[in-house]
Amino acid sequence: DTAVSQTPKYLVTQMGNDKSIKCEQNLGHDTMYWYKQDSKKFLKIMFSYNNKELIINETVPNRFSPKSPDKAHLNLHINSLELGDSAVYFCASSLGPSSTDTQYFGPGTRLTVL
Amino acid sequence: AQSVTQPDIHITVSEGASLELRCNYSYGATPYLFWYVQSPGQGLQLLLKYFSGDTLVQGIKGFEAEFKRSQSSFNLRKPSVHWSDAAEYFCAVGAGSNTGKLIFGQGTTLQVKP
């Protein structure tokens, strides 16, 4: 059984479009995250939700809007896509928001903006 | 500000040889330290973590890491590398006890020669 799943795995789209990436975890965790990995493989946190409440919002453009309909899901919606949004986006989850709680990562969604 | 530096962008070792991947961190308090591995096209998997106690920690797949406070280092080691260890390795520090925020290093690409 997949612990943290993301859809789609690949996403190719044109500049200016709006797209969503979905994430689901079946681990019963309370906390979920979105990370962005750029072309140089640098990994940076974007958002974190605990019990559906936003607890981390790094300096991410307003075009990015996370939504957590329930504790098992954290979706990422991106408006007006730009070339610089091309990256691999990883979802992760952990038991709680403590730094001592292991984060489990999904397989990633490779977004390519043309 | 918290930061993690992995000085070696790319390392090549022969199968069966020993391995050491370097990680240096900058953090004011006692750090929570992690090593993750990312296989090609996959998400990140936790290898090991250090919170307190014994400074030599054992992880999965035969990896270990040693925390040295005086050197602000948390180097990853393996006595004998297997071809399947070829992957991207990330060191990370927990940057907030109640947020789960992880700050990652730039990653080290490990190539294993037959």
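Values below: every heavy atom of this structure, side chains too, minus hydrogens, waters and symmetry copies. By convention in this document, chain letters (A, B, ...) are assigned in the order of the sequence lines, proteins followed by strands, and residues within each chain are numbered from 1.
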So what's closer than 4.5 Å to chain B heavy atoms on [X]: side chain, backbone, both or neither?
X	value
A/Tyr33	side chain
A/Gln6	neither
A/Ile56	side chain
A/Lys9	side chain
A/Ser48	side chain

Are the aromatic ring centres of [X] and [Y] under 6.0 angstrom apart?
X	Y	result
A/His77	A/Phe64	no
B/Tyr89	B/Phe63	yes
A/Tyr35	B/Phe104	yes

### Message
Only pairs of heavy atoms separated by less than 4.5 Å count here; which of A/Asp101, A/Thr102, A/Leu43, A/Ile55 has the most with chain B?
### Response
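Ranked by heavy-atom pairs under 4.5 Å with chain B, first place is A/Leu43.
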### Message
I'd like to know which of A/Glu58, A/Lys40, A/Lys44 tops the heavy-atom pair count under 4.5 Å against chain B.
### Response
A/Glu58
Heavy-atom distance under 4.5 Å to chain A: side chain of [X], backbone, both or neither?
X	value
B/Leu102	both
B/Gln42	backbone
B/Gln45	neither

### Message
Looking at every heavy atom in both B/Cys23 and B/Trp35, which two are closest together, and how far apart are they?
### Response
CB-CZ2, 3.4 Å
### Query
Where do A/Gln25 and A/Val4 come nearest, in terms of heavy atoms and distance?
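Heavy atoms of A/Gln25 and A/Val4 come nearest at CB-CG2, 4.1 Å.
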### Query
Does the pair B/Arg77/B/Glu66 count as a salt bridge with the N-to-O cut at 4.0 Å?
yes
### Task
Would you kindly check if the NZ (Lys) or CZ (Arg) of B/Lys49 is within the cone defined by 45 degrees around the ring axis of B/Phe34 and under 6.0 Å from the six-membered ring centre?
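No, cation not above the ring by the 6.0 Å, 45° rule.
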